[in-house]
Amino acid sequence: MTGEPNDLRVHRLQKLEDVRASGVDPFKAKFDRDRLVSEIDTAYNAIEPEGRTGDLVRIAGRLMALRRHGKASFAELQDKTGRVQLYLTADALGEELYDTFLNFDIGDIIGVAGEVFKTKRGQLSVAVASYDLLTKSLRPMPEKWHGLKDVETRYRQRYLDLIMNPDVKETFIKKTRTIAILRRVLDERGFLEVETPMLHSIPGGAAAKPFVTHHNALDADLYLRIAPELYLKRLIVGGLERVYEINKSFRNEGISIKHNPEFMMLEAYQAYADYNDMMDLVETLINGVVEELAGSVKITYQQKALDFTRPWRRLTMIDAIKEYTGRDVSFAMSLQDIVAVAKELQVELQPHLGKGGVITEIYEKHVEHLIEQPTFVLDYPLETSPLARKKPDSPELTERFELIIAGREVANAFSELTDPQDQHARFEAQQANKAAGDEEAHALDEDYVIALEHGLPPTGGIGIGVDRLVMLVTDSASIRDVILFPQLKAKPAEE
RNA sequence: GGGCCGUUAGCUCAUCUGGUAGAGCAUCGGACUUUUAAUCCGAGGGUGGAAGGUUCGAGUCCUUCACGGCCCA
C-alpha cells in the first residue's frame with residue numbers, strides 16, 4: 001500500500017468498497033441492543049479481576065480506540081452513556097472475523113455481542129463473540145488524547161464536539177434538564193404552557209431590532225418575534241390567568257459572549273399578581289434549577305462564588321448607582337444635572353433621552369456588570385419601561401426589576417401596565433423616540449391596546465433568559481457554549 | 001464599527017532575529033494472545049486561511065481580504 005493514495009478519506013472509501021464487495025451492507029437499518037454501556041458498568045463493576053459473568057450483552061456505539069496486538073486486541077466502544085472496552089481474539093472470532101474487525105476504522109459505528117468479564121488488570125470488558133458493522137465512517141475522528149479544541153470547528157461541527165468532549169454533552173443535557181425543571185415548577189403552580197406566534201406583523205414586547213422576513217401569499221413583511229410578551233398578555237385578557245412559553249426569540253443585534261441572535265426565553269404571566277410575586281416566582285424557578293443541577297444553592301461560576309440563598313438582595317437602580325459609582329442621581333435633579341453626572345462618568349448619550357433614559361444608561365454602563373451575587377435591581381424608570389405599571393408614589397418609576405447575576409441580566413419582570421390609555425400614551429412616546437433616532441423604540445401596537453381595553457386583570461410577568469441561566473449552572477463562559485449550533489458566519493463547504 | 005490575538009498535516013501543536021516545514025496522535029505496511037495515550041520497526045501525508053507586495057530568498061516582514069476568539073462601542 002505504500003505510495004498509494006495518501007488521503008485518509010480515500011483509504012476509507014476503499015474500505016467501504018471492500019465491505020460492499022464482501023456482501024456486507026455498510027449502512028445497516030438497525031441493531032437490537034439490550035443495554036447501555038453505563039448499565040454494564042453499574043451491574044458488573046464489582047466483579048473480581050479475571051472474573052467472568054457468563055452474561056451475554058448486546059451493545060452498540062462508535063468505535064473510539066483500537067489497540068491491535070497480534071492475535072488478541074482491545075477496542076473501545078462509546079455510546080451515549082460512556083465507553084466500554086472490547087476484547088477480541090482470533091480464537092473466539094476465527095481468523096477471518098478477527099482480521100475484519102481489526103480493519104475497522106476509529107469512528108465506525110458497530111454493534112457487538114459478547115460476555116462481560118474483567119481483565120486481570122481489572123478493566124471491565126466485553127469479550128466479543130460476534131459483531132456487526134452498522135455504519136461505516138468515512139472521515140477521521142479528532143485526535144484521541146487532546147480531543148477537539150478548535151473553537152470554530154467545535155461550533156460548526158458540534159457533533160464532533162459532542163463525540164470528543166463529554167463535558168460538552170453534559171452541558172447540553174443540563175440545558176434540557178433546566179427547561180424540564182422550569183416547566184415542572186410552573187406546571188405545579190397551575191401555569192398553562194402555550195405557544196404564540198413567532199411571525200409578528202408588529203414586533204413588540206422588548207426594545208430590540210427585529211429580523212424582517214416576507215410572506216409571499218400575503219405580500220406582507222413579517223418580523224421574527226423579539227419577545228412573546230404581548231401575545232401572552234392577550235391570553236391573560238382571555239382569562240387563562242397563568243400562562244407561560246419557553247421558546248426562541250430573535251434579535252437582530254450584535255453577537256457576543258452573552259448574545260446570540262436566536263435565544264431561548266421563558267416568559268410567564270400571572271393574573272392578580274404583581275412584581276413582588278414575580279420575585280418570589282423567579283427565586284423559586286432559578287433555585288429549583290440551581291439546587292437540582294448543582295446540588296446546592298452555592299455554586300462557582302468562572303472562579304467566582306455565587307450564593308443563591310433566599311431571599312436575594314433587592315436594590316433600587318438609584319441606590320445601585322450610588323453604591324457602585326458613589327454618585328447621587330435622582331428625579332428631583334434637573335435633566336441637565338443628571339446629564340452632567342453621566343458625562344463625568346463618560347457615558348455616551350443619545351440626544352432624545354430624558355431623565356429616566358440617562359439614569360438607565362449610567363446604570364447599564366457603570367453598575368450592571370459589577371453586580372455579582374443574585375440581585376433584584378428595582379424600580380426602572382418609566383421612560384425605559386413602556387409596558388410596565390407606574391409606581392403609585394413615583395410617577396417617573398415603574399414596578400419593574402431585572403435580576404442580575406454575575407454581571408448579566410438573567411430575568412426581567414414587572415407589574416404589567418393594564419391601563420389601555422396609559423399604554424397608548426406610552427406607545428406614542430416611544431414613537432417620538434423612534435422619530436428622534438431610537439432604533440429600539442417600541443412599536444405602536446393598536447391591536448394590543450384594544451386587547452387591554454377589553455380588560456387585562458392585574459398581572460405580573462417575567463422573562464428569564466434560559467441560555468444565560470444554563471451558563472450559570474454549567475459554568476460556561478460564553479452563550480455559544482450552551483447553544484448547540486450558535487450563529488456563525490456562513491462558510492463555503494469544504495471539498 | 002474599533003482594538004488585540006489566532007489560522008501550519010485529519011487532530012493537537014512546534015518551527016529564536018527571513019535561508020526551500022517538524023513532532024505526537026491518526027493513516028498505510030510489518031511484529032506482537034490482557035492492552036488501555038499499548039509497544040517496537042518502516043512508510044506516506046503540507047499550494048503554511050486567501051490575494052497582493054518587499055526581498056536574491058517569505059510560514060516568518062508589509063498591505064488588503066476571509067473566518068474565528070477576547071475586549072470595547
Side-chain angles (χ1 to χ4, degrees), chain A residues 1-15 18 48-52 63-78 82-95 98-99 101-108 114-115 117-128 137-158 160-161 163-165 253-260 302 346-350 361 364-366 369 407 439-440 476-481 486-495:
Chain A
M1 286 281 183
T2 304
E4 284 300 298
N6 49 34
D7 184 356
L8 298 171
R9 190 152 170 272
V10 170
H11 281 294
R12 295 207 178 191
L13 287 169
Q14 183 56 53
K15 285 187 184 179
D18 293 346
E48 293 298 312
E50 295 190 84
R52 307 197 71 89
L63 192 61
M64 295 302 290
L66 191 46
R67 297 183 283 277
R68 302 172 176 91
H69 301 257
K71 300 298 179 198
S73 296
F74 299 88
E76 285 178 29
L77 187 72
Q78 174 173 300
R83 290 189 187 187
V84 67
Q85 176 167 274
L86 306 179
Y87 179 59
L88 302 120
T89 62
D91 289 347
L93 286 166
E95 293 277 349
Y98 179 75
D99 289 343
F101 192 102
L102 295 196
N103 208 30
F104 285 163
D105 289 302
I106 289 166
D108 287 352
E115 182 191 357
F117 76 107
K118 221 170 214 179
T119 65
K120 67 186 179 191
R121 303 234 175 152
Q123 177 73 50
L124 201 61
S125 306
V126 174
V128 176
S137 168
L138 299 178
R139 299 210 181 228
M141 287 289 119
E143 200 257 332
K144 65 183 174 186
W145 185 245
H146 299 91
L148 179 63
K149 291 187 174 169
D150 182 79
V151 176
E152 189 174 351
T153 306
R154 287 184 46 226
Y155 294 156
R156 288 191 194 277
Q157 296 180 277
R158 182 69 89 180
L160 295 177
D161 195 24
I163 292 166
M164 298 306 298
N165 299 319
E253 291 161 2
I255 296 174
S256 80
I257 203 167
K258 57 180 178 176
H259 296 95
N260 195 62
Q302 304 291 294
Q346 322 278 318
V347 178
E348 286 179 31
L349 298 172
Q350 300 225 319
E361 290 289 321
E364 289 185 350
K365 171 106 191 257
H366 286 286
H369 67 280
E439 292 180 289
E440 297 185 347
S476 298
S478 169
I479 198 168
R480 293 183 204 91
D481 293 325
Q487 196 67 42
L488 299 177
K489 284 197 186 182
K491 218 177 177 183
E494 63 168 303
E495 213 176 347

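Because the structure is a prediction, the values reported are computed rather than measured. The analysis underlying the following values was restricted to heavy atoms, covering all of them including side chains, and did not include hydrogens, waters or symmetry mates. By convention in this document, chain letters (A, B, ...) are assigned in the order of the sequence lines, proteins followed by strands, and residues within each chain are numbered from 1.
- B/rG22 sits 7 Å from B/rU15 when the C1' atoms are compared, rounded to a whole Å.
- Residue contacts shown for A/K15 are limited to sugar-phosphate atoms, with no base heavy atom under 4.0 Å away.
- Candidate nucleotides B/rU34, B/rU35, B/rC28 were compared by shortest atom distance to the side chain of A/R121, and B/rU35 ranks first.
- The nearest whole Å value for the distance from the NE2 atom in A/H259 to the P atom in B/rG1 is 17 Å.
- Here A/D99 pairs with nothing under the side-chain hydrogen bond (donor to acceptor under 3.5 Å, both in side chains) rule; sequence neighbours left out.
- A straight line from CG of A/L86 to C1' of B/rU34 spans 14 Å, rounded to a whole angstrom.
- Pairing for B/rU7 goes to B/rA66, judged as Watson-Crick or G-U wobble with the two contacts each under 3.5 Å.
- Mapped onto RNA chain B by nearest heavy atom, A/P142 and A/A72 fall at different nucleotides, with A/P142 at the one closer to the 5' end.
- Nucleotides B/rC16 and B/rC72 place their C1' atoms 34 Å apart, quoted to the nearest Å.
- Between the CD1 atom of A/I163 and the C1' atom of B/rG10 there is a distance of 14 Å, given to the nearest Å.
- Atom C1' of B/rU47 sits at a distance of 16 Å from the matching atom of B/rG52, rounded to the whole Å.
- Taking atom C1' in both B/rC11 and B/rA26, the straight-line distance is 7 Å, to the nearest Å.
- Atoms CG (A/N103) and P (B/rC28) sit 7 Å apart, rounded to a whole Å.
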*When you check every protein heavy atom under 4.0 Å of nucleotides 66-73 of chain B, what one-letter string (B, S, -) results, 5' to 3'?*
-SSSSS-S
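- Remark: P of B/rC28 and CG of A/L13 are 13 Å apart, rounded to the nearest angstrom.
- A donor-acceptor contact under 3.5 Å is formed by the side chain of A/D91 with the base of B/rU33.
- Comparing B/rA14 with B/rC56, their C1' atoms sit 28 Å apart, to the nearest whole Å.
- One N or O on the side chain of A/E143 and one on the backbone of A/H146 form a donor-acceptor pair closer than 3.5 Å.
- As rounded to the nearest Å, B/rG19 and B/rC62 have P atoms that lie 15 Å from one another.
- Pair assignment for B/rC16: none, as no Watson-Crick or G-U wobble contacts are both less than 3.5 Å.
- A/Y155 and A/D150 form no side-chain donor-acceptor contact under 3.5 Å, judged by distance and modelled atom types alone.
- Annotation: A/Y98 is not in aromatic contact with A/F101 [ring centroid separation under 6.0 Å not met].
- Across the C1' atoms, B/rG44 and B/rU27 are found 9 Å apart, a figure rounded to whole Å.
- Taking the side-chain hydrogen bond (donor to acceptor under 3.5 Å, both in side chains) definition, one finds that A/D161 meets it with A/R154, A/R158, A/N165, sequence neighbours left out.
- The gap from the P atom of B/rG68 to that of B/rU8 amounts to 15 Å, rounded to the nearest Å.
- You'll find a donor-acceptor pair under 3.5 Å spanning the side chain of A/T119 and the base of B/rU35, going by distance alone.
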Please tabulate, one pair per line, each protein N/O and nucleotide N/O from nucleotides 38-40 of chain B that are separated by under 3.5 Å, including the distance.
from, atom 1, to, atom 2, distance (Å)
B/rA38, OP1, A/K144, NZ, 2.0
B/rA38, OP2, A/R67, NH1, 3.3
B/rA38, N6, A/R68, O, 2.9
B/rA38, N6, A/H69, ND1, 3.3
B/rA38, N1, A/H69, ND1, 3.3

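- Per the geometry, CD belonging to A/E143 stands 12 Å off C1' belonging to B/rA23, to the nearest Å.
- Ring geometry for A/Y87 versus A/F74: interplanar angle of 30 to 60°, hence tilted.
- A donor-acceptor contact shorter than 3.5 Å links the side chain of A/R68 to the backbone of A/L102.
- Under the Watson-Crick or G-U wobble criterion, with both distances below 3.5 Å, B/rC32 is left unpaired in every strand shown.
- Each of A/K15, A/R9, A/R139 was checked for a salt bridge (charged side-chain N to carboxylate O under 4.0 Å, His left out) with A/D105, and the lone residue meeting it is A/K15.
- Using modelled atom types, no side-chain atom of A/K365 and backbone atom of A/E348 make a donor-acceptor pair closer than 3.5 Å.
- In this entry B/rG1 has B/rC72 as its Watson-Crick or G-U wobble partner, both defining distances falling under 3.5 Å.
- Regarding A/L124, its CG atom lies at a distance of 18 Å from the P atom of B/rU36, rounded to whole Å.
- Considering only residues two or more places apart in sequence or on other chains, A/E439 meets the side chain to side chain contact (heavy atoms under 4.5 Å, CB included) condition with A/K209.
- Among B/rG10, B/rC28, B/rC11, the nucleotide with an atom closest to any side-chain atom of A/P140 is B/rG10.
- Every residue two or more places apart in sequence or in another chain that forms a side-chain hydrogen bond (donor to acceptor under 3.5 Å, both in side chains) with A/R156 is listed here: A/E152.
- Closest approach to the A/L8 side chain among B/rU12, B/rU34, B/rU27 is made by B/rU27 (side chain taken as heavy atoms from C-beta onward).
- B/rU35 atom P lies 17 Å from atom CG of A/L102, rounded to whole Å.
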